[in-house]
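Read the structure below first, then the notes.
Numbering of ligands and ligand atoms starts at 1, following listing order.
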Amino acid sequence: MLDEAAVEQFKTSLRGELIQPDEPGYDEARKVYNGMIDKRPRMIARCADVADVISSVNFARENDVLLAIRGGGHNGAGWAIVDDGLVIDLSGMRGVRVDPQARTVRVEGGATWGDVDHATHAFGLAVPTGIISTTGVAGLTLGGGHGYLARKYGLTIDNLLEADVVLADGSLVKASEEENEDLFWAIRGGGGNFGVVTSFLFRGNPVSMVYAGPMLWEMDQAEEIMRWYREFSPQASEDLYGFFLFLVVPPAPPFPEHLHNKSMCAIVWSYAGPLEAAEEAFRPIRDEVGPAAFEFLGPMPLPVLNSLFDPLLPPGLQWYWRGDFVNELSDEAIALHVRYGSELPTPLSTIHLYPIDGAVHRVGKNDTAFSYRDVRWSAVYGGIDPDPANAERISEWTKEYWAALHPYSAGGAYVNFMMDEGQERIKATYRDNFERLVAIKNEYDPTNLFRVNQNIRPTATA
Ligand SMILES: Cc1cc2nc3c(=O)[nH]c(=O)nc-3n(C[C@H](O)[C@H](O)[C@H](O)COP(=O)(O)OP(=O)(O)OC[C@H]3O[C@@H](n4cnc5c(N)ncnc54)[C@H](O)[C@@H]3O)c2cc1C
């Protein structure tokens, strides 16, 4: 039982709100992006500043309270929230400050990528991000971060210059190549295991407009398209990025009516080179695979591309997903993909293959905690539906699909595409970086205060 006087004292120490069960706003505050997650924390500290974060970490440690950290709340496994514990909710800390001269971007720990895109685009700059703008900067970055600019500018962590981190003992430190280098190594891929990141400093890259959008093909062409894609994508210019997917075509514009609700395969392209060269960049695609059944390509501001799919995937849907890194797409694997891709269990369910090459390969696999630098794709199999009654169906389908394709994978998965899948999966994901992560965890969080995550267990608690 928590001492009420200690709770009261904690509450008065905060500049932000402390939200407790039965208080107004509690049910809203405990919602996360994945509607399948329904947890009831003992309290939610909506931190206003770093002092609030320090107070919250100290309170959790001193009172032995289970602690979760909420950035954007998008994590599939729902690690942003916890039953009976304390949630450090950073959604009130979303400031972004761009330094156009230095080409750097300072981002608070609770910002979303939409916040960052909005601020950086005004200066013709961009930080590599994911494909949905409502995703949190913190969780995506701490896991690695891949998206449209990955082939040209690397993972999100490859653009991280420094971070402010509140450690388990309540101290605030800077992590960079010059200070606390081991911590800086660990937070680039090791997730929220080492402390609460209150601020990130990123390099801004000169990207403003892109030539982008989806191309869709009929299912009976899917095998042919996938085989072409596996050869084309790795050797394409690093300005060009295309992720492959299976989908059920949404019954809405811009898709033509005759394609509505049809199972199809697609590639969503983004060309980040000079706009005047874009048509030429797409010429080999059109020459080699012929016309698509539908395409919606054109010049657009990068923030438009980064939020193109937001309306399709609002918060509160049921999600069950699994992932794997993939080295090669064999003919057998392609045949299995086409089989499962043709039988998506619900209209929003999908399979994506995201390229992991180009600039991502130019950083060594031991240079940051993110180990799988040497693969070609990060695959995610997502069962998605608005109706909780379908939760089991989409979960079973995802597990079955994953089990069928896992033998063709490189072994581990992107931590941000994993559910609660156990220690062996975590080890498989970090490979020979795992032991170093444990050593750094031993140093910075020996009692495992930060354990609501893809947990790197310190030796004392393993
Ligand atoms: C629709 C959708 C699309 C996605 N697309 C992509 C994509 O294109 N590319 C990609 O790389 N990923 C993608 N992801 C995965 C995404 O990276 C993860 O879901 C990520 O965990 C989200 O970060 P968040 O801050 O929103 O999550 P949260 O749920 O808030 O947190 C996730 C984890 O990070 C920890 N954490 C959060 N904030 C902090 C902090 N400030 N300090 C320390 N630890 C913290 C939490 O404790 C938790 O363990 C996508 C997810 C969704 C739902």
So which pairs with a foot in residues 65-78 pass side-chain hydrogen bond (donor to acceptor under 3.5 Å, both in side chains), sequence neighbours left out?
His74-Thr134, His74-Thr135
Using the salt bridge (charged side-chain N to carboxylate O under 4.0 Å, His left out) rule, collect all pairs that involve residues 132-157, keeping only residues at least two apart or in two chains.
Arg151-Asp357, Lys152-Asp239
In terms of side-chain geometry, is the basic nitrogen of Arg46 or Asp89 positioned less than 4.0 Å from the acidic oxygen of its partner?
yes
Can we say Asp324 and Arg425 salt-bridge, meaning some charged N sits less than 4.0 Å from an Asp/Glu carboxylate O?
yes
Who's touching ligand 1 if we go heavy atoms under 4.0 Å?
Tyr33, Ile69, Arg70, Gly71, Gly72, Gly73, His74, Asn75, Trp79, Ala80, Leu90, Gly109, Gly130, Ile131, Ile132, Thr135, Gly136, Ala138, Gly139, Leu140, Leu142, Gly145, His146, Gly192, Gly195, Val196, Val197, Trp319, Trp321, Tyr414, Asn416, Phe417, Val452, Asn453
Does Tyr211 have any side chain to side chain donor-acceptor pair (under 3.5 Å) partners at least two apart in sequence or in another chain, and if so, which?
Glu279
Salt bridge Arg436-Glu181, side-chain N to carboxylate O under 4.0 Å
no
